[in-house]
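Contents: one structure, followed by commentary.
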Amino acid sequence: QVQLVESGGGLVQAGGSLRLSCVASGRTLRNFAVAWFRQASGKDRDFLAAIRWNSGHSVYEDVVKGRFTISKDTAKNTVYLQMDNLKFEDTAVYYCAADPRAIWSALTQRETYDYWGQGTQVTVSS
């Protein structure tokens, strides 16, 4: 079992930055793929970015490419999402998710991931 806890959300002005953290406990994230999703009020939960723990290879949704960066800290068993140049439409609850069996072609799909955090709210004021 893996427990995921997100933190780092908050209120920020448009154009600002936040760094979200996803700390894993219960087992190492070695061999896992870890992703960030977000869900705005009344909308679906959308994929943002994913990283394969072993290789460090990452993939991004086009809407955040160039503004968001996913990274990992092996020693801390933690994945980060650095979010720059935030926009009002980035307002949402942000979730991290992980799975040890994810294949590259399915990293963007919500159904791929068995383990989820509780989410952290990000609010961007215009």
Side-chain angles (χ1 to χ4, degrees):
Q1 284 288 343
V2 173
Q3 292 79 43
L4 304 174
V5 178
E6 304 97 333
S7 63
L11 175 64
V12 63
Q13 288 188 332
S17 298
L18 283 175
R19 189 178 78 157
L20 305 183
S21 299
C22 173
V23 180
S25 61
R27 61 182 285 188
T28 174
L29 289 175
R30 189 175 65 233
N31 300 324
F32 275 69
V34 182
W36 286 96
F37 288 75
R38 70 184 178 192
Q39 188 167 16
S41 181
K43 296 190 176 181
D44 291 336
R45 191 171 297 189
D46 294 329
F47 170 81
L48 299 175
I51 188 168
R52 294 202 71 93
W53 193 263
N54 292 3
S55 66
H57 291 159
S58 58
V59 60
Y60 295 89
E61 186 60 40
D62 286 345
V63 70
V64 301
K65 200 174 292 184
R67 297 192 300 125
F68 291 9
T69 303
I70 191 169
S71 63
K72 64 181 178 74
D73 186 324
T74 301
K76 296 182 178 180
N77 216 32
T78 297
V79 173
Y80 302 100
L81 186 68
Q82 175 68 39
M83 306 187 296
D84 298 318
N85 191 22
L86 283 161
K87 305 176 182 180
F88 175 76
E89 51 266 38
D90 293 320
T91 296
V93 178
Y94 284 68
Y95 298 90
C96 69
D99 198 273
R101 297 172 303 274
I103 59 175
W104 184 258
S105 60
L107 288 182
T108 64
Q109 299 171 20
R110 207 172 77 183
E111 298 74 24
T112 292
Y113 300 92
D114 279 346
Y115 302 102
W116 291 83
Q118 83 291 345
T120 185
Q121 175 71 46
V122 171
T123 303
V124 184
S125 62
S126 57

Handout entry: Hydrophobic cluster identity match, Tyr113 and Val93, side-chain contacts under 4.5 Å
Key = yes
Handout entry: Contact check, side chains of Tyr80 and Thr69, non-hydrogen atoms, under 4.5 Å
Key = no
Exercise for the section: To the nearest 0.5 Å, tell me how far Cys22 SG sits from Lys72 NZ. Expected result: 14.0 Å
Problem - Asp99 backbone acceptor or donor facing Asp114 side chain under 3.5 Å - result: no
Exercise for the section: Kindly indicate whether the side chain of Glu6, heavy atoms from C-beta on, has any atom under 4.5 Å from the side chain of Tyr94. Expected result: no
Problem - Nearest atoms (heavy-atom pairs only) where Leu20 meets Gly9 - result: CD2-N, 3.6 Å
Completion exercise
dist Ser7:OG -> Arg19:CZ (nearest 0.5 Å) comes out at 9.0 Å
Exercise for the section: To the nearest 0.5 Å, tell me how far Ile70 CD1 sits from Cys96 SG. Expected result: 9.0 Å
Exercise for the section: State, yes or no, whether a side-chain contact exists between Asn54 and Asn31 at a heavy-atom distance under 4.5 Å. Expected result: yes
Problem - Heavy-atom pair with the smallest gap, counting every atom of Ile103 and Arg52 - result: C-NH1, 3.9 Å
Practice task
Check the hydrophobic clustering (I, L, V, M, F, W, Y; side-chain heavy atoms under 4.5 Å; chains of links allowed) and say if Val63 and Phe37 are grouped together.
Solution key: no
Exercise for the section: Anything under 30° is parallel, anything over 60° is perpendicular, the rest tilted; go ahead and classify Tyr115 against Phe32. Expected result: tilted
Practice task
Output, in order, the C-alpha distance, side-chain angles, deciding distance and verdict of side chain to side chain contact (heavy atoms under 4.5 Å, CB included) for Leu86 and Phe68.
Solution key: CA-CA 9 Å; Leu86 283 161; Phe68 291 9; 3.9 Å; yes
Practice task
Walk me through it: do Met83 and Val12 pass the test side chain to side chain contact (heavy atoms under 4.5 Å, CB included)?
Solution key: CA-CA 11 Å; Met83 306 187 296; Val12 63; over 6 Å; no
Exercise for the section: Enter the distance from Leu29:CG to Asn77:CG here, rounded to the nearest 0.5 Å. Expected result: 4.0 Å
Problem - Same apolar cluster: Phe47 and Leu4, side chain cutoff 4.5 Å - result: no
Problem - Parallel, tilted or perpendicular: ring planes of Trp116 versus Tyr95, cut at 30 and 60 degrees - result: perpendicular
Practice task
Show your reasoning for whether side chain to side chain contact (heavy atoms under 4.5 Å, CB included) applies to Ser17 and Asp84.
Solution key: CA-CA 4 Å; Ser17 298; Asp84 298 318; 2.8 Å; yes
Fill in the blank from the handout: Of all heavy-atom pairs linking Val23 and Thr78, the shortest is CG2-OG1, 3.6 Å
Practice task
Quick one: pull up CZ in Arg38 and NZ in Lys43 and give me the separation to the nearest 0.5 Å.
Solution key: 9.0 Å
Handout entry: Pairing of Arg67 and Asp90 as salt bridge, 4.0 angstrom limit
Key = yes
Practice task
Identify the two heavy atoms, one from Ala24 and one from Val2, that lie closest to each other, and give their separation to 0.1 Å.
Solution key: CB-CG1, 4.2 Å
Problem - Shared hydrophobic cluster for Leu81 and Leu107 (ILVMFWY, side-chain gaps under 4.5 Å) - result: no
Completion exercise
Nearest heavy-atom approach of Trp36 to Val79 is NE1-CG1, 3.6 Å
Problem - Criterion side chain to side chain contact (heavy atoms under 4.5 Å, CB included) on Gln121 and Thr91, from CA distance to verdict - result: CA-CA 8 Å; Gln121 175 71 46; Thr91 296; 4.0 Å; yes
Problem - Heavy-atom closest contact (Ala33 atom, Ala102 atom, distance) - result: CB-CB, 3.8 Å
Problem - Flag, side chain of Ser126 to backbone of Phe88, donor-acceptor distance under 3.5 Å - result: no
